[in-house]
Amino acid sequence: MTTGILGGGQLARMIALAGLPLAQKFIILDPSADAGAIPLGSHLQGDYDDMTLLQQLADKADVVTYEFENVPALAASYLAEHTCIYPPAKALEASQDRLVEKNFFHNLGIATAPFAHVDKLEDLQQAMHHIGYPAILKSRRFGYDGKGQFRILDESQLAEAWEAMQGVPSIVEGFVSFQREISIIAARSVSGETAFYPLSENIHRGGILRVTHCCHDDPMQQQAEAYANKLFEALDYVGVVALELFEVNGELLANEFAPRVHNSGHWTIEGAETSQFENHMRAILDLPLGATTACGFSAMVNFIGASAPDDDILSIENCHLHLYDKAPRKGRKVAHATIRSDDKALFEQSLTKLIALADQYDDS
Ligand code: AMP
């Protein structure tokens with residue numbers, strides 16, 4: 001069988017690495033000649049809305065998936081008509097626009113920070129009466145890793161904040177003083193089988209994920225799974241989903257969801273019985289899902305901007321390195337490494353070393 005992937009970056013690369021043992025062939029649509037997943041499949045080089053290429057993809061692939069949520073609506077609907085696309089196109093619609101997404105959460109009874117739409121400065125001024133300070137103004141579309149965001153501390157910053165959005169439709173959200181940022185990675189197969197990973201606790205800096213810890217017996221696990229189940233049911237979901245949450249005084253508020261495999265689930269490659277990538281493939285191929293049980297203690301560290309020398313990373317005990325084969329660039333995720341061990345003290349020692357190394361090469 002052949003799986004098509006929209007996007008050929010590191011997520012597609014890790015999906016393909018997990019799919020090859022299941023005898024999958026891959027066909028990858030990506031504009032770049034040297035994207036990281038290209039060595040693992042055949043390549044259709046061009047834009048995501050190139051109808052000729054989409055037709056070739058639909059002809060050759062038994063099933064199509066994607067590694068990013070900004071798939072053009074036209075491409076998603078074409079593929080839905082001519083082949084199977086998973087996760088389903090309605091998951092893209094719900095996650096591409098922050099306002100649609102927040103309303104979607106609200107309608108499902110999934111709690112969020114207070115929010116309001118902002119199309120002009122007066123909307124922002126009006127909304128701040130009930131949102132309160134501090135707040136965050138975000139572009140509704142195409143924001144990632146904290147891009148397209150402005151933190152508003154008081155009334156004097158309203159005009160500056162709106163100007164920074166350059167007139168694009170936006171959303172303002174109350175700033176959440178969270179105790180933890182966590183995410184739940186979960187999978188649902190074509191047949192409706194579901195699986196939930198132990199929660200990921202995430203540490204961001206400058207809006208970019210730096211470190212993820214796998215949590216054990218977390219008190220918020222049940223509530224997070226209940227939220228993920230609501231998404232599954234509402235979207236008739238197939239594949240892996242990542243739901244990002246803030247924990248505030250024992251309650252979970254949803255920030256956003258990604259209808260795809262996710263950076264905060266990379267620890268599952270070594271740290272869980274079955275990785276998120278393998279379970280994504282099993283889900284979209286309608287195979288039984290694999291166990292999501294954690295294997296000891298594990299955590300993942302991103303390398304941002306540039307990686308450290310391979311020798312330095314791999315000389316840390318219990319460390320596993322995943323290079324994305326991407327040129328170094330400021331703020332770009334170029335690699336991640338995971339520490340996994342059954343011994344808690346050893347795990348913590350190695351993780352401290354790995355974080356120090358990543359910080360040394362971090363250029364952001
Ligand atoms: P996002 O692009 O929405 O995922 O935001 C990137 C990061 O900014 C999040 O992981 C949080 O660390 C922070 N952030 C976003 N929205 C809020 C909020 N309403 N309150 C507090 N922090 C936030």
Side-chain angles (χ1 to χ4, degrees), residues 11 67-70 91-92 94-106 110-118 124 127-128 130-154 157-158 161-162 164-165 168-185 199-213 215 220 224 227-228 231 241-267 299-302 304 331-333 336 362 364:
L11 298 180
E67 65 156 11
F68 61 103
E69 53 273 35
N70 288 318
L92 286 169
S95 62
Q96 284 180 343
D97 179 318
R98 290 185 192 277
L99 182 64
V100 174
E101 184 179 42
K102 286 279 179 341
N103 280 319
F104 174 67
F105 286 145
H106 183 76
I110 297 178
T112 67
F115 63 93
H117 76 94
V118 176
L124 181 59
M128 290 314 293
H130 68 96
I131 302 279
Y133 295 94
I136 302 191
L137 186 61
K138 301 178 177 178
S139 62
R140 280 171 57 176
R141 298 176 71 90
F142 303 118
Y144 68 98
D145 285 348
K147 292 184 174 65
Q149 299 192 7
F150 193 105
R151 196 176 295 189
I152 307 171
L153 299 178
D154 59 47
Q157 288 182 299
L158 291 185
W162 176 239
M165 305 318 283
V168 298
S170 300
I171 176 172
V172 64
E173 295 174 13
F175 185 83
V176 180
S177 300
F178 51 79
Q179 278 91 43
R180 292 192 298 165
E181 276 195 85
I182 55 185
S183 54
I184 180 148
I185 310 289
L199 293 184
S200 302
E201 179 172 345
N202 303 319
I203 299 165
H204 292 82
R205 207 167 56 232
I208 305 178
L209 180 65
R210 308 286 160 158
V211 179
T212 296
H213 288 257
C215 301
M220 306 314 293
Y227 281 180
L231 296 185
V241 72
L243 175 60
E244 294 187 56
L245 301 155
F246 300 126
E247 182 186 344
V248 195
N249 307 328
E251 286 295 315
L252 291 179
L253 304 182
N255 179 30
E256 60 184 4
F257 81 99
R260 55 172 169 81
V261 290
H262 193 258
N263 194 175
S264 67
H266 290 0
W267 63 267
M300 183 244 29
V301 176
N302 274 333
I304 317 280
R332 190 182 211 195
K333 292 172 185 166
H336 79 263
D362 190 330
S364 54

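Every heavy atom of this structure was used, including side-chain atoms; hydrogens, water molecules and symmetry mates were not. When a ligand or atom number is given, it counts from 1 through the structure's own listing order.
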Quick one about Asn249 and Gln179 (side-chain donor to acceptor, distance below 3.5 Å, no hydrogens or angles considered), yes or no?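 Yes - a donor-acceptor pair under 3.5 Å links their side chains.
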How about Ser183 and Ser264: does a side-chain donor come under 3.5 Å of a side-chain acceptor?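 Short answer, yes.
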Tell me which part of Asn202 gets within contact of ligand 1: side chain, backbone, both or neither, using heavy atoms under 4.0 Å.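 No part of Asn202 is near ligand 1 at this cut-off.
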Which segment of Ile136 sits under 4.0 Å of ligand 1 when only heavy atoms are counted: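 Just the side chain.
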Can you say whether the rings of His336 and His266 are parallel (under 30°), tilted (30 to 60°) or perpendicular (over 60°)?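 Geometry flag for His266 against His336: tilted rings.
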Tell me whether ligand 1 is touched by Gly174 - counting only heavy atoms on the residue side and a distance under 4.0 Å.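 The answer is yes, since Gly174 has a heavy atom less than 4.0 Å from ligand 1.
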Near Phe178, which atoms of ligand 1 are under 4.0 Å from a heavy atom of that residue?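 Answer, ordered by atom number: 21 (C), 22 (N).
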Out of Gln149, His204, Lys138, Glu101, who is nearest to atom 8 (O) of ligand 1 when you count heavy atoms only?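 Closest candidate by heavy-atom distance is Gln149.
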Nearest option to atom 10 (O) of ligand 1, as decided by whichever heavy atom of Arg151, Glu173, Glu181, Arg98 sits closest: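 Among Arg151, Glu173, Glu181, Arg98, the closest heavy atom to atom 10 (O) of ligand 1 comes from Glu181.
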CG on Leu245 to CG on Leu252, rounded to 0.5 Å: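 Between Leu252 CG and Leu245 CG, I get 5.0 Å after rounding to 0.5 Å.
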Please confirm whether the backbone N or O of Ile203 pairs with a side-chain atom of Glu181, one donor and one acceptor, at under 3.5 Å?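 Judged by distance alone, no pair lies under 3.5 Å.
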Report yes if Ala113 has an N/O atom closer than 3.5 Å to an N/O atom of ligand 1; otherwise report no.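 There is no such contact.
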Are Lys102 and Asn255 close enough that some pair of their side-chain heavy atoms sits under 4.5 Å apart?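 Yes, their side chains come closer than 4.5 Å.
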